[in-house]
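Structure first, then comments.
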Amino acid sequence: MRRSRRIDAIVVAVPARNEECRITDSIASILVAADAVGPRVTVAVSVAADGCTDSTIQLLGVIADRTSTVRVVSGLWNCAGGARGAAVANGIASLAAGGPIASQAIWIATTDADSQVPSDWLTSQLRYAESGHDAVAGIVELHDDDDRTDELINRFARNYSIGERTHTHVHGANMGIRASAYAAAGGFPPVQRSEDRLLWNELVRLNFRVVSPVAVKVATSGRLSGRAVGGFADAMANAWI
């Protein structure tokens, strides 16, 4: 019997650590993308606030009070992998409150609190999911903000290689995974860095159908001092993209 490809719900998982300057714009962009999906698919935005000492949690509380789409969980995971995994778990649990949904019908989209997604971010991933793919890895671009300098743009252009239609990058800031595949691969490991690549490699090892399109893009911060050791900011600083 052919497996159903239909997606009935999407969890958008976002780890956040001291992102008071960016979190409001980030969530606003996600909510626009969620609206574009339409009423057939339920979207739950789940943010894991990891040891925040600034006003990130308060700002998230204001957003959550305005829309039931956004759920917030606070903790002290002290690592990108732990916080990202907690955001996923919280989002899936919130969906279960509305009735059972098969894991193969849930899509998990992940991004970062310093990133902004385009309005077609979720609809693009949904098309890949419902055409039979189990995971999507997109690319990143740099925000047009105070952190983006000519030197940084040049460094990024020199080191961030993509093909005409596909690429080899994996970013937690721009991923999508079917929940059944996510569970089979063990989810995001609770590590300081490379949790996205480790999960992706396991999906590939298990022969899930993955795709890496250049058309699925997210704008992320070009800052050189990030929140996760060994994360994208460190890669930018060392030109190791």
Side-chain angles (χ1 to χ4, degrees), residues 10-31 33-34 43-64 69-95 106-117 121-122 125 135-138 140 143 169-177 179 182-183 185-200 218-223 225-236:
I10 298 173
V11 170
V12 181
V14 187
R17 186 180 182 91
N18 291 343
E19 293 288 2
E20 62 183 6
C21 294
R22 293 177 167 87
I23 190 66
T24 300
D25 288 341
S26 178
I27 301 303
S29 72
I30 294 169
L31 291 175
V43 179
V45 180
S46 175
V47 186
D50 186 6
C52 295
T53 56
D54 64 357
S55 63
T56 296
I57 294 176
Q58 288 79 5
L59 291 169
L60 286 169
V62 171
I63 296 170
T69 301
V70 177
R71 285 84 165 176
V72 182
V73 58
S74 299
L76 193 60
W77 299 279
N78 284 323
C79 66
R84 207 180 295 280
V88 172
N90 182 57
I92 290 177
S94 71
L95 289 176
I106 299 174
W107 188 257
I108 300 163
T110 75
T111 190
D112 287 339
D114 66 344
S115 303
Q116 293 182 33
V117 305
W121 183 60
L122 292 177
Q125 290 196 34
V136 175
V140 295
H143 276 311
H169 305 285
V170 179
H171 303 288
N174 191 6
M175 288 181 71
I177 314 106
Y182 177 86
F188 287 108
V191 295
Q192 287 282 351
R193 59 183 178 182
S194 300
E195 78 286 351
D196 41 12
R197 174 63 72 175
L198 290 169
L199 174 57
W200 187 263
V218 163
T220 195
S221 171
R223 63 190 178 193
S225 178
R227 302 295 183 263
V229 176
F232 185 74
D234 283 354
M236 286 294 298

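The residues of the chain are indexed from 1 along the displayed sequence.
Among all heavy-atom pairs drawn from L76 and G51, the shortest one is CD1-CA, 3.6 Å. When all heavy atoms of V73 and W77 are compared, the closest pair comes out as O-CH2, 4.0 Å. The minimum heavy-atom distance linking P15 with T111 is given by the pair CD-O, 3.3 Å. Here the closest non-hydrogen pair linking A87 and V11 is O-CG1, 4.4 Å. Pairing each heavy atom of V191 with each of C79, the nearest pair is O-CB, 3.4 Å. For A13 against V88, the heavy-atom pair with the smallest separation is CB-CG2, 3.6 Å.
Looking only at side-chain heavy atoms (C-beta outward), W121 and Q116 stay at 4.5 Å or farther from each other. V47 has its side chain out of reach of R71: every pair of non-hydrogen atoms, C-beta onward, lies at least 4.5 Å apart. With contacts defined as side-chain heavy-atom distances shorter than 4.5 Å, the pair C52/D54 qualifies. Taking the side chain as every heavy atom from C-beta outward, I27 and L59 never approach each other to under 4.5 Å.
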Checking side-chain contact (heavy atoms from CB on, under 4.5 Å) for the pair S74/I57: CA distance, chi angles, key distance, verdict?
CA-CA 8 Å; S74 299; I57 294 176; 3.7 Å; yes

Test E20 against S55 for side-chain hydrogen bond (donor to acceptor under 3.5 Å, both in side chains), laying out the working first.
CA-CA 6 Å; E20 62 183 6; S55 63; 2.7 Å; yes

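Rounded to the nearest 0.5 angstrom, W107 CH2 and L122 CG are separated by 11.0 Å. Here the CZ atom belonging to R197 is positioned 9.0 Å from the NE2 atom belonging to H171, to the nearest 0.5 angstrom. We find the CD1-CD1 distance between I63 and I30 to be 9.5 Å, quoted to the nearest 0.5 Å.
No donor-acceptor pair closer than 3.5 Å links the side chain of T220 to the backbone N or O of S115. Looking only at distances, a side-chain donor or acceptor of Q192 sits under 3.5 Å from a matching main-chain atom of N78.
Scored by the salt bridge (Lys or Arg N to Asp or Glu O under 4.0 Å) test, D196 finds no partners at all (sequence neighbours excluded). Here T69 pairs with T67 under the side chain to side chain donor-acceptor pair (under 3.5 Å) rule; sequence neighbours left out.
Looking at R22 and D114, no side-chain N of the basic residue comes within less than 4.0 Å of a carboxylate O on the acidic one, giving no salt bridge.
Side-chain atoms of T56 and N18 include no donor-acceptor pair closer than 3.5 Å.
A side-chain contact (heavy atoms from CB on, under 4.5 Å) with Y182 is found for one member of T110, I106, I108 and no other, namely I108. When the options E19, R17, R84 are evaluated for a side-chain contact (heavy atoms from CB on, under 4.5 Å) with D112, the one that passes is R84.
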